[in-house]
Amino acid sequence: MQSLWGATATPAFTLPELKGSARSQVLIIGAGYTGLSAALHLCEAGVDVVVIDAAELGEGGSGLNGGQVIPGVKHDPDTLEQMFGAGPGAQLVETVASGPDLVFGLIRKYQIDCEATRNGWIQPATSESALTAISVRVEQWRRRGAPVELLDRVQIARLIGSERYCGGWLDHRGGTVQPRSFLFGLARAVARLGGRIFTRSAAIKLEQFGGQWRIETPRGQVIAPATILATDAYSGELLDAVRRTVIPVPSFQVATEPLPPALRQSILPQGQGASDTWHLLRYFRLSADGRLVMGSRGFFGSTPEATAARHHYRAVQEIFPQLQGVRYDYHWGGLVAMTGDHLPHLHELAPGMLAGLGYNGRGVAMAIVMGRLLARRVLGVSAEELGFPVTPVRPIALHRFSQIGVRLAIEYLQLVATLERARARARLAWQRDAA
Ligand SMILES: Cc1cc2nc3c(=O)[nH]c(=O)nc-3n(C[C@H](O)[C@H](O)[C@H](O)COP(=O)(O)OP(=O)(O)OC[C@H]3O[C@@H](n4cnc5c(N)ncnc54)[C@H](O)[C@@H]3O)c2cc1C
């Protein structure tokens, strides 16, 4: 089934397939947010860039995601400082926090038509223990001057339109975009600055000769002194060690019909995006045409789409019982790249070859930041000045079996979630009987 974003994106322009031989100063493999952000920042610096993608624009995570612009990474700022030391850790916190400013700045600068809304991002808590962790997070960001608010049960119910949560936080830095229109806008900006983008042009062979990289595609080749790999969860055999640094985890979304005005005003009335703290987090937002879009992780290729969709309809009902009987118009899925340390990685694979990937479900802002980091590194910024660790490639141990491990963990969490739902229903019934 086509995704909501595919059906409602600003028109894509036709991009050619690479045929014959091309030369450029930098070749970028992968035309998602990472690759196009790198391309855009390089083009701005006057560098000649070629970008190639195996598929059509928008068929990777950047055209399929929830469009939630989330500041930061999974780890809290104090944790990052503990992991990397006070100086580099503080720099890293600043780098990852800059994502939403960069995203909305590019949208403004290149007048990207992508339904951008910057009313904040909400993380609602599904348990008291999650709320305790959130209050620590809020205090850490507040200490660093970030515009964040801790929310109690009543405040979160008003902001989300659901009684399901016991509190949460609102991060005013975040927002939402139509993810595929944002991607198309980036591509248009790259093309306007002279960057050349080719689709249906998979890199199938890579070799180095005389200080240059030669990348072969089915019907052409590119020769460039510098190459950036930006293939995230869709990394294939081309550079197998890089592929094995991430675990691709499926994420699935459904979208309702446009909601009637009264219902629309009762759900996320201020237009934020939200991702909750449930074991298998659920993320939701309204689209510009007033549909509820909800997603979660963990449905594998072998799960029939109808089964995954039904699971999401139940989640919508549980969080927003007022949507009983609503029609669903779209469902779709994509792959999220998870890393062992829950951090994105910037690798220097060889002189003149970089890779950036592994956003753990927070790539809308972070991949754009990564693209800028990769561009700056190509332009000669030292690893120390970058504000982000440049790390060696460390494939995940027993990567071949990781899919099985993730599947088992997810099935276990789905079972826990089902049991908790049954327990909550029984508790409600008991309270009703007692009243
Ligand atoms: C369903 C879903 C929901 C999500 N929701 C959110 C969200 O709400 N907020 C958030 O912050 N993040 C979210 N994410 C994560 C976010 O979408 C990704 O982190 C981000 O898009 C990664 O961008 P990228 O450019 O690195 O990779 P991608 O956009 O995946 O692009 C990689 C590209 O590489 C290409 N490629 C692979 N191999 C080759 C090759 N050999 N030659 C040429 N090209 C190749 C692929 O075709 C693909 O187009 C979500 C992801 C999914 C799947």
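For ligands, and for the atoms within them, numbers begin at 1 and follow the listed sequence. Nothing fancy with the numbering, it's 1 onward along the sequence.
- Here atom 22 (C) of ligand 1 lies nearest to D232 when heavy atoms of D232, V249, V177 are compared.
- Within ligand 1, counting atoms from 1 as listed, the ones closer than 4.0 Å to a heavy atom of T231 are 32 (C), 34 (O), 36 (N), 37 (C), 38 (N), 39 (C), 45 (C).
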Run the salt bridge (charged side-chain N to carboxylate O under 4.0 Å, His left out) check on E216 and R214 step by step: do they pass? CA-CA 7 Å; E216 205 176 297; R214 193 181 83 83; 2.7 Å; yes
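- Considering T34, V69, L102 as possible partners of I368, the one that fulfils the side-chain contact (heavy atoms from CB on, under 4.5 Å) test is L102.
- Closest to atom 26 (O) of ligand 1, if we only count protein heavy atoms, is T34 OG1, 2.6 Å.
- Atoms of ligand 1 lying under 4.0 Å from any heavy atom of G66, numbered from 1 in the order shown and given with element: 3 (C), 4 (C), 5 (N), 6 (C), 7 (C), 8 (O).
- Under the 6.0 Å distance and 45° angle rule, R164 counts as a cation-pi partner of W278.
- Under a 3.5 Å cut-off, the side chain of H345 and the backbone N or O of L343 do form a donor-acceptor pair.
- The closest donor-acceptor contact from the side chain of T277 to the backbone of T126 lies under 3.5 Å.
- Looking at L238 next to ligand 1, no N or O pair under 3.5 Å apart turns up.
- When atom types are taken as modelled, the side chain of Q270 and the backbone of L159 share no donor-acceptor pair closer than 3.5 angstrom.
- Atoms of ligand 1 lying under 4.0 Å from at least one heavy atom of L335, given by number and element, are 53 (C).
- Considering backbone and side-chain N/O of G363, one or more are found under 3.5 Å from N/O of ligand 1.
- Contact annotation: the side chain of F284 approaches that of I160 to within less than 4.5 Å [non-hydrogen atoms, C-beta and beyond].
- Nearest protein heavy-atom contact of atom 9 (N) of ligand 1 is Q68 O, 2.9 Å.
- A salt bridge does not link D101 to R173: none of the charged side-chain nitrogens sits closer than 4.0 Å to a carboxylate oxygen.
- Using a 4.0 Å cut-off between heavy atoms, Q253 contacts ligand 1 through its side chain alone, with no backbone atom that close.
- Side-chain N or O atoms of R200 include one that pairs as donor or acceptor with a backbone N or O of L15 at under 3.5 Å.
- The shortest heavy-atom distance from R362 to ligand 1 is under 4.0 Å.
- Residue-ligand proximity, S251 to ligand 1, at heavy-atom distances under 4.0 Å covers atoms 1 (C), 2 (C).
- At a 4.0 Å heavy-atom cut-off, ligand 1 does not touch F252 at all.
- Close N/O approach between A54 and ligand 1 is found [any backbone or side-chain N/O within under 3.5 Å].
- Residue contact check: S62 has heavy atoms under 4.0 Å from atoms 20 (C), 21 (O), 23 (O), 24 (P), 25 (O), 28 (P), 29 (O) of ligand 1.
- Using modelled atom types, one finds no donor on one side chain facing an acceptor on the other under 3.5 Å when comparing S287 with Q178.
- Note: no N/O pair closer than 3.5 Å links A202 and ligand 1 by distance alone.
- Counting heavy atoms closer than 4.0 Å to ligand 1, residue Y33 contributes atoms from both its backbone and its side chain.
- Ranking protein heavy atoms by distance to atom 13 (C) of ligand 1, first place goes to G361 O, 3.4 Å.
- Using a 4.0 Å cutoff on heavy atoms, G236 does not count as a contact of ligand 1.
- The option with the heavy atom closest to atom 46 (C) of ligand 1, from among L18, L183, I29, D53, is D53.
- At a threshold of 4.0 Å, the pair D48-R196 counts as salt-bridged, since one of the basic side-chain nitrogens sits closer than that to a carboxylate oxygen.
- Between the side chain of R362 and the backbone N or O of V73, at least one donor-acceptor pair lies under 3.5 Å.
- Taking a cut-off of under 4.0 Å to the non-hydrogen atoms of G334, the atoms of ligand 1 that pass are 53 (C).
- The part of A230 lying near ligand 1 is the backbone, judged by heavy-atom distances below 4.0 Å.
- Polar contact check, V364 against ligand 1: a nitrogen or oxygen pair lies under 3.5 Å apart.
- Looking at atom 4 (C) of ligand 1, its nearest protein heavy atom turns out to be N65 CB, 3.1 Å.
- Of the charged side-chain nitrogens involved, none lies within less than 4.0 Å of a carboxylate oxygen, so that R376 and E385 do not count as a salt-bridged pair.
- With atom 40 (C) of ligand 1 as the reference point, the heavy atom nearest to it among G358, A203, S275, S235 is part of A203.
- Taking the six-membered ring for Trp and the full ring otherwise, the centers of Y359 and Y33 sit at least 6.0 Å from each other.
- Here R282 pairs with E318 in a salt bridge; the nearest charged N to carboxylate O distance falls below 4.0 Å.
- Residue, atom and distance of the protein heavy atom nearest to atom 28 (P) of ligand 1 are G61 N, 3.7 Å.
- A salt bridge is absent between D341 and K74: the closest approach of a Lys/Arg side-chain nitrogen to an acidic carboxylate oxygen does not fall below 4.0 angstrom.
- For atom 31 (O) of ligand 1, the closest non-hydrogen atom on the protein side is G32 CA, 3.8 Å.
- In the vicinity of V336, heavy-atom distances shorter than 4.0 Å reach the ligand 1 atoms 51 (C), 52 (C), 53 (C).
- Ligand 1 lies less than 4.0 angstrom from a heavy atom belonging to G67.
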